[in-house]
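Presented below is the structure to which this report refers.
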Amino acid sequence: MDMFEKDYTIHGIHATYIKYLVNEAKVFERYIDVYMTAAAMGCLYDKRSIENSSTDRARIYADAFSTERDKCMELFRTVILSDASKPWSSEERTNICFRYRDEKIENAVPSITDEEVAIMKEALDLFHSYMLGGVELLFDSFNSPTINIDDAIDYAYKTVFDQHSLIESRQGSIDVGQLLRPEY
């Protein structure tokens, strides 16, 4: 797979949001950190988005991807295996995550089909839509003139606690009604 080996440019409002999260809010140190966190958040909260045509750009360089390639691949696999919006079978999802390649290579063994490349493009587009949705969630969470480090820590703790509670509720060890209780 060649994904996560080349520069990736995010355009539009999402680029502006990423720059804000790194340079102004200082919630993240690098664009790649926003990218990975946003992909996870978008998937957890089932939030997807598409790029708009604004001229702003944020580029994640290939060297950042090479440093974080294993984490990006795990996130990609997690998103593809957990997504229910595509009509892919379990076998197709497994092939996308572990077998298919995203670029046609001459003399590859086994050979790479055009269908395989097209499915991988669709899967990567799905992953990026979750990442863009996650960027929106992160921006909304940290875009406040009164935000400080304590607020950021409180938000991170609440998010982790909510996800832990959700996982426990799916395992039957917590009352789902408790998740819907008002916060005071």
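The shown structure was predicted, so the numbers you read here are calculated from the model rather than taken from an experiment.
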Main chain of F142, side chain of Y20: is a donor-acceptor contact present, judged purely on distance under 3.5 Å?
yes
Check: M41 and K47 side chains under 4.5 Å, non-hydrogen atoms:
no
Can you tell me how far CG of L126 sits from CD1 of I119, rounded to the nearest 0.5 angstrom?
13.0 Å
Check whether any side-chain heavy atom of Y31 lies under 4.5 Å from a side-chain heavy atom of I10, and answer yes or no.
no
F65 and Y8 aromatic ring geometry - parallel, tilted or perpendicular at 30°/60° bounds:
perpendicular
Determine the minimum heavy-atom distance between A58 and A15, stating which atoms define it.
N-CB, 3.4 Å
Determine whether E122 and W88 make a side-chain contact, defined as any pair of heavy atoms from C-beta on separated by less than 4.5 Å.
yes
Could you state the interatomic distance from CD1 (I60) to CD (E68), rounded to the nearest 0.5 Å?
11.0 Å
Indicate, with yes or no, if the rings of H14 and F139 have centres closer together than 6.0 Å.
no
For E29, does the CD atom have more than 12 heavy-atom neighbours from other residues, nucleotides or ligands under 6.0 Å away?
no
D33 (side chain) donor-acceptor with R30 (main chain) under 3.5 angstrom
yes
Kindly indicate whether the side chain of C97, heavy atoms from C-beta on, has any atom under 4.5 Å from the side chain of M73.
no
Electrostatic pair E74:K71 at N-O distance under 4.0 angstrom
no
Is a donor on one side and an acceptor on the other found under 3.5 Å between the side chain of D7 and the backbone of A62?
yes
Taking the side chain from E5 and the backbone from S66, do they hold a donor-acceptor pair closer than 3.5 Å?
no
Side chains of Y130 and D83 only: does a donor on one sit below 3.5 Å from an acceptor on the other?
yes
Donor-acceptor contact below 3.5 Å, side chain R93 vs main chain I80
yes
Rounded to the nearest 0.5 Å, what's the gap from CZ on R48 to CD on E136? Could you check?
12.5 Å
Taking everything shown except D70 itself, do over 12 heavy atoms lie less than 6.0 Å from its CG?
no
Close side-chain approach of M120 to L124, heavy-atom, < 4.5 Å:
no
Any side-chain heavy atom of H128 sitting closer than 4.5 Å to one from Y35?
yes
For residues V22 and V34, report the shortest heavy-atom separation together with the two atoms involved.
CG2-CG2, 3.6 Å
Between I32 and C72, is there a side-chain heavy-atom distance shorter than 4.5 Å?
yes
Is L81 atom CG crowded by more than 12 heavy atoms from other residues, nucleotides or ligands, each under 6.0 Å away?
yes
If I compare all heavy atoms of I96 with all of A123, which pair ends up nearest, and what's the gap?
CG2-CB, 3.6 Å
Which heavy atom of I50 sits nearest a heavy atom of L132, and at what distance?
C-CD1, 3.9 Å
Can R59 and T9 be counted as having a side-chain donor-acceptor contact under 3.5 angstrom?
yes
Is it the case that more than 12 heavy atoms not belonging to K86 sit under 6.0 Å from its NZ atom?
yes
A cation-pi test, strictly: NZ or CZ of R69 under 6.0 Å from the centre of the six-membered ring of F4 and no more than 45 degrees from its axis. Yes or no?
no
Common cluster, V135/Y45, ILVMFWY with side-chain heavy-atom separation under 4.5 Å
yes
I'd like to know if the side chain of D56 and the backbone of G12 have a donor-acceptor N/O pair within less than 3.5 Å.
no
Given side chains that start at C-beta, do those of S129 and S49 come closer than 4.5 Å, heavy atoms only?
no
Strictly distance-based, threshold 3.5 Å: is any side-chain N or O of E51 a donor or acceptor partner for the main-chain N or O of H11?
yes
A40 versus L75, closest heavy-atom pair with distance:
CB-CD2, 3.9 Å
